[in-house]
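Notes to accompany the following structure.
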Amino acid sequence: MTLIVQKFGGTSVADTKKILAAARKAVRARQDGNQVVVVVSAMGHNTDHLIELAHEIADEPPAREMDMLLSTGEQVSGALMAMAIHSLGHEAISLTGAQIGIRTDSTHTKARIKSISTDRMRRALDQGRIVIAAGFQGIDEEFNITTLGRGGSDTTAVALAAVLGADVCEIYTDVDGVYTTDPRILPEARHMARISYDEMLELASLGAAVMHNRSIEFAKKFSVPIHVRSSFSDTVGTLIATEPEAPDHPVAGAALVKSEARVTVLGVPDRPGTSYAVFSKIAAQLIPIDMIVQNVGADGRADISFTVDKADLAKTLAAVAEAVQQLGAEGFTHDENVSKVSVVGLGMARQTGVARRMFRALSMAGVNLQMISTSEIKISVLVSGAEAQTALRTVHQAFHLEQAPASAVAFDPRQIARTRDGEDALAIVSRLQQMEDLTIDDIELDETQARLSINGVPDRPGIAAAVFDEISQAGIFVDMIVQSIGREGRANLSFTIPQSHYAQGLKLLDDLAQRMDCGPITSSPKIAKLSVSGIGMRSHAGVAIRTFECLAQAGINVEMINTSEVRVNVGVDGQRGPDALASLQRAFAENQR
Ligand code: ASP
Ligand code: MG
């Protein structure tokens, strides 16, 4: 028999009428012959109200008591949901996290799941009942109630789907699926039939808040198909699974993060350990760092640029000031009115010219690029806040995201069937112990590339577009691209190409620099590129920092950096590739799958 997990978010259970409507969906799935587990969130904004109540009493209420309080929200909607199903003539039982046996660690208000017992749920399901599980909660060793962090019901739903081997996890929400970009910003955004886990992870971390990120990580790790759909209609939503919608298409979606702040550390001595020194200072303040870009400059000094949330800017600048002093860097600059525009797609890893197309379109629209960072499946650029919307629309059009690709594979929910082969529940449960840990899939070394850098790029639109037009016309494949702001607002642009094209690329860039009034050019005929890829890089923000730390300890100089949700890429001294690989493998040994 098929097993379906259905999760209803706060807006889907906001009042008793909506609870009844949700109950009807569960009953219908049961009548279609499925076993059904329903995971509920607290009604409407109940969690927010409970938090307000707590803060009327104390500025910092004890975290344990916060969890006692917040977990009641889901208990209320669970009991009401069970009553609603009874009133429709079906059997249901509501269970709290403790009653199910969802064990977590003791980190109150952001606990991590350690194990889940399936016995009680299985028994109820086998008796023909619909099981209602309270989302967002568990218990620790001492039977203290814990919660999983805001939005944690998604995590509960996907975790239950994983341990029960559900055929699908349906996420009912107030939107009818995933769009190519936020339709509130661009009305021409298109509803997608499918999206891959990796694309969703990148987009979610770039501001497309469809689901809690950790829950997508889970789903990927345990291959749980997710169907995001509307609780207010019966239309088919979007399937999040391994395969993208149109494998031959370079870009699946675009995203905008409106209010970021950029910080640049100028003239950092180009020697091992400097990135680590900067970022460990910021990390010590618990400030999440977003886009990180570094490249080597002329005169043996590097510039390191990164973005943080605007709200964290003051604290960040204080930490940076300290680092600048300690390192003997030249200084730092910042801009608190910047936005990040990104395109994401699994298909771009296999195609050339994607970055060029994006830069060309932005240049034609007159948009200036302050920072650039590319990874295998994502390209991000930093633009001024005023140009953010234009930039997003421009890239959305450039990749024709408003039209469904001809090769798009439709999604038929009736054909969903779990394809996990040969993995029994016991194996999943034992893997659950480390379910929320960081998993490193792969650490790769690529020794085939060379680096080219052009310094002193004037602060106006079109330079990146011109560079990559010419490079691509020459038939040279570009891999990693980074650009950061340098002195006097001039940017430094670095990229890697195959070693076999080094001389040709260098000549081309020299000519171009003269024509465009930039320079000097610097280069390395051989650079070693290391990629650490996996799951949970963002929720375990320390991955980038641990990478820098480990390379610093090995005395290996970092020439280029870019980071994304599923990958950290660094370019290091070409002679030190195997050393760097060995030390990274040691540093992440515990986290390797
Ligand atoms: N009720 C919790 C919250 O608002 C959990 C959830 O809705 O996912 O964060
Ligand atoms: Mg919610």
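Sequence positions, counted from 1, serve as the residue numbers for this chain. Indexing begins at 1, ligand by ligand and atom by atom, following the structure's order. Bear in mind that the values here come from a model prediction, so they are computed numbers and not experimental data.
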Measure the distances from the heavy atoms of G151 to every atom of ligand 1 and state whether one is below 4.0 angstrom.
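Yes, G151 has a heavy atom closer than 4.0 Å to ligand 1.
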Going by heavy atoms, is G152 under 4.0 Å from ligand 1?
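Distance cut 4.0 Å: G152 passes for ligand 1.
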[X]: numbered ligand 1 atoms lying under 4.0 Å from its heavy atoms:
X: S41; answer: 6 (C), 7 (O), 8 (O)
X: R150; answer: 3 (C), 4 (O), 9 (O)
X: E74; answer: 1 (N), 2 (C), 5 (C)

Less than 4.0 angstrom from a charged side-chain N to a carboxylate O is my criterion; do R190 and E245 meet it?
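Yes.
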For [X] and [Y], does a side-chain donor sit closer than 3.5 Å to a side-chain acceptor?
X: E260; Y: T307; answer: yes
X: D442; Y: S533; answer: no
X: T107; Y: D105; answer: yes

Please indicate whether any nitrogen or oxygen in S153 is less than 3.5 Å from any nitrogen or oxygen in ligand 1.
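Yes: some nitrogen or oxygen of S153 is under 3.5 Å from one in ligand 1.
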Applying side-chain hydrogen bond (donor to acceptor under 3.5 Å, both in side chains), run through N34 and T2 and close with a yes or a no.
CA-CA 5 Å; N34 304 293; T2 42; 2.4 Å; yes
